[in-house]
2 protein chains.
Amino acid sequence: MENIVEVKTPIYPIRTAAKLLGISVPTLRMYEKEGLIIPHKTDGNQRIYSEADLERLRCIRRAISESKISINGIKTIYSLIPCWEVVKCSEGDRKVCNAFQSHEQPCWTFTHPNTTCENRDCKEC
Amino acid sequence: MENIVEVKTPIYPIRTAAKLLGISVPTLRMYEKEGLIIPHKTDGNQRIYSEADLERLRCIRRAISESKISINGIKTIYSLIPCWEVVKCSEGDRKVCNAFQSHEQPCWTFTHPNTTCENRDCKEC
DNA sequence: AAAAGTTGATAACTCTAAATATCAACTATC
DNA sequence: GATAGTTGATATTTAGAGTTATCAACTTTT
């Protein structure tokens, strides 16, 4: 448990994260714009990445550079994850869930007003 | 039932299929090489496409041109389809199934020796 | 058996997705 | 308050995926 808390703690500013990943800052911001990652932000609206974020980004990087999967492909793959099976949300929740039927975007890019998922955090590699 | 048989009947030679899809013959052959489609072949090893093949290819075409999903992305998406849930194959079958664990290629690009799937035909859009 | 269409393989081309560079305005740090 | 780093937005570059062209050998059709 200790461990899980630690890897999720936001510590790296964008420049450091970029350096650790071997990519540029604009690229990192672009991944966020595409909805592939959602880092923590400071009160002043600056991004801070956790160790878990970096791991997720390494996974994305591998998909792009090695597996030759396009960003839209990754988005679609993420959107195929049936998060409702993981979360076991209610029938009622599903009816108002925007993510339940789309395959264009990962579930976490949608808003989940008034559902079990409101503050959840999904992922997969 | 009649209908299903009809759409699966191979009728179009490659040139016709290419024209109907608005793409070139080499492209069509490339999709096959990538494992996205497996058309019927004549005794003389020439491809013949069914109406169902064309529909599948239109789906692939949309994924590439409109959704901007790379071919490797499509392959991965196809490989994520849990065919074993559709087919309800046995535990024994799964143990010898090459497709059961990989996410690099669609299940139908693997050989299925001595399993329920031996002569099956999967798809999704 | 001649004409039209096919095969697989290789080489060449064309786009455009992905990455980067650059900017003025803002935030953090010392 | 000055230096370093950030933000979002736009413009530019580039690497290579996707497509097409071309080939001699083969198949189909008439």
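For the numbers below, each heavy atom of this structure counts, side chains included, while hydrogens, waters and symmetry mates do not. Each chain gets a letter, A, B and so on, in the order its sequence line appears, and its residues count up from 1.
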Enquirer: Answer yes when Lys8(A) and Glu55(A) have at least one side-chain N-carboxylate O distance shorter than 4.0 Å, and no when they do not.
Expert: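 Glu55(A) and Lys8(A): not salt-bridged.
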
Enquirer: Determine the contact category for Lys68(B): base if any of its heavy atoms lies under 4.0 Å from a base atom, sugar-phosphate if only primed atoms, P, OP1 or OP2 are that close, otherwise nothing.
Expert: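 Sugar-phosphate, backbone atoms only, no base.
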
Enquirer: Nearest whole angstrom, please: distance from the C1' of dT27(D) to the CD1 of Ile48(B).
Expert: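 Interatomic distance, CD1 of Ile48(B) to C1' of dT27(D): 12 Å.
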
Enquirer: Using atom NZ of Lys75(A) as one end and atom P of dA17(C) as the other, report the distance to the nearest whole Å.
Expert: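 Atom-to-atom, Lys75(A) to dA17(C), this comes out as 12 Å.
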
Enquirer: Choose from dG8(C), dT20(D), dT20(C) the nucleotide whose nearest atom is closest to any side-chain atom of Ile23(B).
Expert: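 Looking only at heavy atoms from C-beta outward on Ile23(B), the closest nucleotide is dT20(D).
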
Enquirer: Would you indicate, yes or no, if dA28(C) has its OP1 or OP2 atom less than 4.0 angstrom from a side-chain nitrogen or oxygen of Asn45(A)?
Expert: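 Checking dA28(C) against Asn45(A), no side-chain N or O comes under 4.0 Å of OP1 or OP2.
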
Enquirer: Out of dG8(C), dG18(D), dA19(C), which has the shortest distance to the side chain of Arg47(B)?
Expert: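 Per side-chain heavy atoms of Arg47(B), the pick is dG8(C).
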
Enquirer: Kindly point out which of dG5(C), dG5(D), dA18(C) is positioned nearest to the side chain of Arg15(B)?
Expert: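 Nucleotide nearest to Arg15(B)'s side chain: dG5(C).
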
Enquirer: Can you figure out which of dA17(D), dG5(D), dT20(C) approaches the side chain of Ser24(A) most closely?
Expert: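 For the Ser24(A) side chain, the nearest candidate turns out to be dT20(C).
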
Enquirer: With a 4.0 Å cut-off, would you call Glu34(A) and Arg29(A) a salt bridge?
Expert: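 No, no charged N to carboxylate O under 4.0 Å.
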
Enquirer: Quick one: which of dT6(C), dA18(C), dA17(C) gets closest to the side chain of Ile71(A)?
Expert: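 Shortest atom-to-atom distance from the side chain points to dA18(C).
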
Enquirer: Could you tell me how far apart Met30(A) (CE) and dA11(D) (P) are, to the nearest whole angstrom?
Expert: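 Checked: the CE to P distance equals 17 Å.
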
Enquirer: Could you check Arg29(A) against Gly44(A) and say which one's nearest nucleotide on DNA chain C is further toward the 5' end?
Expert: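 The answer here is Arg29(A).
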
Enquirer: In whole angstroms, how far is the C1' atom of dG5(C) from the OH atom of Tyr12(B)?
Expert: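 Whole-Å distance recorded here is 18 Å.
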
Enquirer: Side chain of Ser70(B), heavy atoms from C-beta onward: which of dA21(D), dA19(C), dG18(D) has the nearest atom to it?
Expert: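 Ranking dA21(D), dA19(C), dG18(D) by closest atom to the Ser70(B) side chain puts dG18(D) first.
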
Enquirer: Using OP1 and OP2 only, check whether a side-chain N or O of Thr27(B) sits under 4.0 Å from dT20(D).
Expert: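 For dT20(D), OP1/OP2 do have a side-chain N/O of Thr27(B) under 4.0 Å.
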
Enquirer: Gln46(A) side chain: which of dA28(C), dT6(C), dG8(C) is closest?
Expert: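 Side chain of Gln46(A) sits closest to dA28(C).
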
Enquirer: For His40(A) and dT6(D), what is the distance between atoms NE2 and C1' respectively, to the nearest whole Å?
Expert: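 Spelled out: NE2 on His40(A) to C1' on dT6(D) is 16 Å.
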
Enquirer: Ignoring hydrogens, what is the shortest heavy-atom contact between Pro39(A) and Tyr49(A)? Give both atom names and the distance.
Expert: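 Looking at all heavy atoms of both residues, the shortest contact is CB-CE2, 3.6 Å.
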
Enquirer: Does Leu54(A) belong to the same Ile/Leu/Val/Met/Phe/Trp/Tyr cluster as Ile48(A), with side-chain heavy atoms less than 4.5 Å apart forming each link?
Expert: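 Per the 4.5 Å side-chain linkage, Leu54(A) and Ile48(A) are not co-clustered.
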
Enquirer: Is there a side-chain polar atom (N or O) of Thr42(A) under 4.0 Å from OP1 or OP2 of dT27(C)?
Expert: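 Checking Thr42(A) against dT27(C): no side-chain N or O falls below 4.0 Å of OP1 or OP2.
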
Enquirer: Rounding to an integer number of Å, can you tell me how far Asp43(A) CG sits from dC26(C) C1'?
Expert: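 Interatomic distance, CG of Asp43(A) to C1' of dC26(C): 15 Å.
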
Enquirer: Please tell me if Tyr31(A) has a side-chain N or O lying less than 4.0 Å from either OP1 or OP2 of dA18(C).
Expert: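 So the side-chain polar atoms of Tyr31(A) never come under 4.0 Å of the phosphate oxygens OP1 or OP2 of dA18(C).
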
Enquirer: Rounded to whole angstroms, how far apart are CD on Glu34(A) and P on dA19(C)?
Expert: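 That distance rounds to 10 Å.
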
Enquirer: What nucleotide among dA18(C), dT6(C), dA17(D) has an atom nearest to a side-chain atom of Pro13(B)?
Expert: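 The answer is dT6(C).
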
Enquirer: Any side-chain to backbone donor/acceptor pair from Arg56(A) onto Leu36(A)? Under 3.5 Å, distance only.
Expert: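 Pair found, side chain donor or acceptor close to backbone of Leu36(A).
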
Enquirer: If you apply the rule salt bridge (charged side-chain N to carboxylate O under 4.0 Å, His left out), what do you find for Arg58(A) with Glu66(A), and how did you get there?
Expert: CA-CA 11 Å; Arg58(A) 283 189 203 100; Glu66(A) 293 170 33; over 6 Å; no

Enquirer: Within this structure, what is the CG-to-P distance between Leu57(A) and dA18(C), rounded to whole angstrom?
Expert: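 After rounding, the reported distance stands at 15 Å.
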
Enquirer: From C-beta outward on Ile14(A), which listed nucleotide comes closest to its side chain: dT7(D), dG5(C), dA28(C)?
Expert: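 The nucleotide sitting nearest to the side chain is dT7(D).
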
